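What follows is one structure encoded as structure tokens, with my remarks underneath.
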2 protein chains.
Amino acid sequence: MIIKVKLVSVLNEAYDALNDLLVKLFNNILTYEEKALITDDFKDISLNDMHVIEVIGLSQKKNMSSIAKSLEVTVGTLTIAINNLVKKGYVKRMRSVKDRRVVLVSLTEKGMHAYKHHEVFHDEMIKAIMKRLEGEQLDVLVKALKSVQEFFGSNKQV
Amino acid sequence: MIIKVKLVSVLNEAYDALNDLLVKLFNNILTYEEKALITDDFKDISLNDMHVIEVIGLSQKKNMSSIAKSLEVTVGTLTIAINNLVKKGYVKRMRSVKDRRVVLVSLTEKGMHAYKHHEVFHDEMIKAIMKRLEGEQLDVLVKALKSVQEFFGSNKQV
DNA sequence: TCGATATACTTTGATTATCAAAGTAAAGTT
DNA sequence: AACTTTACTTTGATAATCAAAGTATATCGA
């Protein structure tokens, strides 16, 4: 009897802890990310702008449709976001020569700097986690997160 | 707009795995939550509305300032959100008798139902996570999340 | 090859969330 | 009683978003 009660309370603790942590984590990541953006160099980009920049990436040019798909917004919405980023000098637009309907988008020098700046935020976060976990714990965490991930993966069409 | 980030730097496998998992987890929770909201009963509330309802809660009445603070928005913004929720029948407004400047907000029956509905989502999510983790794994996950939490906590004023 | 259809994008009109600043009403202070 | 502070609402402006209409180019079928 006592054992049962104890087990339940241990589980409850984990339950509460998880619930609490997930909710807080969520908000904190958002606000932290927001704040990490506001620097002297890039004071004119929003978090939203930054995510567009991330998706465009450093490598090749991307067309509007594929970027919109990655961001899960309509192409119309993206057009407006890109207009903005072009105006601010972070992004270049080009017509494809092969198919003149297609608009190819890429980062300017300034855009690439912003991209790299934002990268630091993620880097610090991951390093902070890793620093606090030792050896096997890290493996266990990765496994745990993977199984959580599977849960969401299997429920995507809900 | 969905948040998507890719890191180029390759420190080691755990680093990449963590980065990938955290980013995915973040997006998945968001979309899952969004979808869990859309039901026959509550088709007129946004995720945003839901968060307001969540903060108001089931217990006592809350004044505008404290709700706005919890949500980290201005009171003006909240006024508009509350107008909306009152119009839709989820929330009641009342003047405080003690201090007639103060507006006290609480959930209607309908609002409480919405609150409970959303609670079930959280419950299912946490239970699903716990079901997939065994003994030590759960522990490690909680510890890891706590340390991430600490990282953000200690960087709040950045 | 021409006309119809499809594709890639932009524009438009509407809605929602947001803020800062101005406005209103009540409470507190001197 | 006059001034200040507090609690909230309103206003004006901006950003993100979508659906639907519009434009230009490409492709396909007869």
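Values in this document were obtained by computation on a predicted structure and should not be read as measured data. Below, all heavy atoms of this structure are taken into account, side chains as well, without hydrogens, waters or symmetry copies. Here is the naming used below: chain letters follow the sequence lines, and residue numbers restart at 1 for every chain.
For Arg95(B), the side chain to side chain donor-acceptor pair (under 3.5 Å) criterion is met by no residue, not counting sequence neighbours. With sequence neighbours excluded, the residues satisfying side chain to side chain donor-acceptor pair (under 3.5 Å) with Asn63(A) are Ser66(A). Not counting sequence neighbours, Lys61(B) has no partner by the side chain to side chain donor-acceptor pair (under 3.5 Å) test. Under the rule for a side-chain contact (heavy atoms from CB on, under 4.5 Å), the partners of Asp139(B) that lie at least two apart in sequence or sit in another chain are Lys143(B). Remark: Ile80(A) engages no residue in a side-chain contact (heavy atoms from CB on, under 4.5 Å) (not counting sequence neighbours). Residues passing the side chain to side chain donor-acceptor pair (under 3.5 Å) test with Ser96(B), sequence neighbours excluded: none. For Ser70(B), the side-chain contact (heavy atoms from CB on, under 4.5 Å) partners at least two apart in sequence or on another chain are Val55(B). Remark: Arg101(B) engages Asp99(B) in a side-chain contact (heavy atoms from CB on, under 4.5 Å) (not counting sequence neighbours).
One interatomic measurement links the two molecules: CG of Asn48(A) to C1' of dA15(D), which rounds to 9 Å at whole-angstrom precision. Whole-Å rounding puts the Met64(B) CE to dT24(C) P distance at 19 Å. The interatomic distance linking Leu78(A) (CG) with dA19(D) (C1') rounds to 16 Å, in whole Å. One interatomic measurement links the two molecules: CD of Glu72(B) to P of dC19(C), which rounds to 10 Å at whole-angstrom precision. Between Asn63(A) atom CG and dT10(C) atom C1' the separation is 15 Å, expressed in whole Å. Residue Leu47(A) contributes atom CG, which lies 16 Å from atom C1' of dT17(D) at whole-angstrom precision. Between the CD1 atom of Ile67(B) and the C1' atom of dT9(D) there is a distance of 15 Å, rounded to whole Å. Spacing between atom NE2 of His51(B) and atom P of dT16(C) amounts to 18 Å, rounded to whole angstrom units.
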Report all interatomic pairs (protein N or O, nucleotide N or O of nucleotides 12-14 of chain D) with separations under 3.5 Å.
none

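Across all strands, Thr77(B) comes closer than 4.0 Å to base atoms (heavy-atom distances).
How far CG of Asn83(A) is from CZ of Arg93(A): 4.5 Å, rounded to the nearest 0.5 Å. Between Ile56(B) atom CD1 and Lys62(B) atom NZ the span is 8.0 Å, to the nearest 0.5 Å.
Residues from residues 83-94 of chain B placing a heavy atom under 4.0 Å of any atom in DNA chain D, listed by number, are Arg93(B). Looking at residues 97-105 of chain B, you'll see Lys98(B), Asp99(B), Arg100(B), Arg101(B) sit with a heavy atom under 4.0 Å from some atom of DNA chain C.
Within the 4.0 Å cut-off from OP1 or OP2 of dC8(D), not a single side-chain nitrogen or oxygen of Thr79(B) is found. The side chain of Thr74(A) contributes no N or O atom lying less than 4.0 Å from OP1 or OP2 of dA19(D).
The heavy-atom pair separating Ile53(B) from Gly111(B) by the smallest distance is CG2-O, 3.8 Å.
Both Gly76(B) and Gly76(A) lie close to DNA chain D; mapped to their nearest nucleotides by heavy-atom distance, the more 5′-ward contact belongs to Gly76(B).
Residue pairs meeting the salt bridge (charged side-chain N to carboxylate O under 4.0 Å, His left out) criterion with at least one member in residues 80-92 of chain B, sequence neighbours excluded: Asp49(B)-Lys88(B).
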